[in-house]
Amino acid sequence: MSTDRGTQTFQSAPPSGRLEGLPHTVSLKQGGGGRAMRALIEKLFVRDFAALPFDGVGVGAMDDGAAIRIGEEWLVITTDSHVIHPIVFPGGDIGKLSICGTVNDLAMMGATRVLGLTCSVILEEGFALESLEAIQRSMLAACIEANAPVITGDTKVMGRGEVDGVVINTCGIGLTRTLVRDNALRAGDRILVTGSIGEHGLAVMATRHGIEIDGELVSDVAPLNSLIETIVADVTAMKDPTRGGVASALHEMASKSNVGIVLDERAIPVLPPVRSVGELLGIDPLHVANEGKALIGVRAELAESVLARLRAHPLGRRAAIIGTCVAERPGSIILDTGFGRRLLAEPEGEPLPRIC
Ligand code: MG
């Protein structure tokens, strides 16, 4: 394998100028779901692809997926590659994650009814078939839970050291009459979270570092489509706080919607083990990936009713109203600590690489 990866055949490509401000080679933080990743995607992919003729919600929207109008309904499409390390973690594994991640991105756009999923697997020579079978079983269980069939796929094998064990890409398609975007918050809307935050990222991190803690810390990975189905008609905007966590997702929603968001820090549900591992590692749970949570904007008069429906579902028992959209400071997240207010910084990238 070449040591100067990616440069072998493109040495003489003419400079386009659009790499200005970016580093010369790819860094891990550019996969982290924060500002660094967005800069890479916007400069390298979105600008040109978004200029191609397309009638619908496309790559330029940088939403959880794309949407194409089909008669009275919207066909929603999304794709996600899973490179998590380690591949087994408390509460799940790469198989469960690869189904839930895609089902949830569809649900965030209102497509709670999944038509089908694709599954593309890249394996390293020497990977244990027993592990692969365990991964397939997890995928199947998640498919059954989400009522989402895998309908086509692809398998490739690379040599030892050319890929780390297993990488899984899934793509999902769904149909919805109610298309939900991440850019439609309005001043006065309330912000809800469907449960306690930070569990996925900190459970993976605790496993990776062999940290022993009091209390159980497991990933929240779960398919959210049946939960979202109960409230989707009353939502103004929605996003799942995966890489970069709640802080990154809310910044994206606020800036796309041109509103500020005042967050009530004391209302944000955080479990004790998440708080202690976060403190131990110096990582704010607001900056950490979730894999079974949604951030939901609703009109103020619907907030209590939406909250009650969320809490009636097993995956929404700890749902809470955590903030309010304001016309002031568009794009900013203002954290109300109870003692004062401060701006919540947008993370440069998820503090933990290969988290999903
Ligand atoms: Mg998403």
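When a ligand or atom number is given, it counts from 1 through the structure's own listing order. What's counted below: heavy atoms across the whole structure, side chains too, no hydrogens, waters or symmetry copies.
For D220 (side chain) and E291 (main-chain N/O), a donor-acceptor pair under 3.5 Å exists by modelled atom type. Under the 3.5 Å distance criterion, the side-chain polar atoms of T337 are matched with a main-chain donor or acceptor of F339.
Listed by first and then second residue, the side-chain hydrogen bond (donor to acceptor under 3.5 Å, both in side chains) pairs involving residues 171-180 amount to none (not counting sequence neighbours). The side-chain hydrogen bond (donor to acceptor under 3.5 Å, both in side chains) pairs that include a residue from residues 221-232 are S226-H313, where partners are two or more places apart or lie in different chains. Here side-chain hydrogen bond (donor to acceptor under 3.5 Å, both in side chains) pairs that include residues 187-196, with residues two or more places apart or in two chains, are D189-T236, R190-T324, S196-E199.
Within the protein, the N, O or S atoms sitting under 2.8 Å from the Mg ion (ligand 1) are D64 OD1, D105 OD1, D240 OD1.
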Derivation of the salt bridge (charged side-chain N to carboxylate O under 4.0 Å, His left out) call for R69 and D55: CA-CA 8 Å; R69 191 178 260 296; D55 185 17; over 6 Å; no
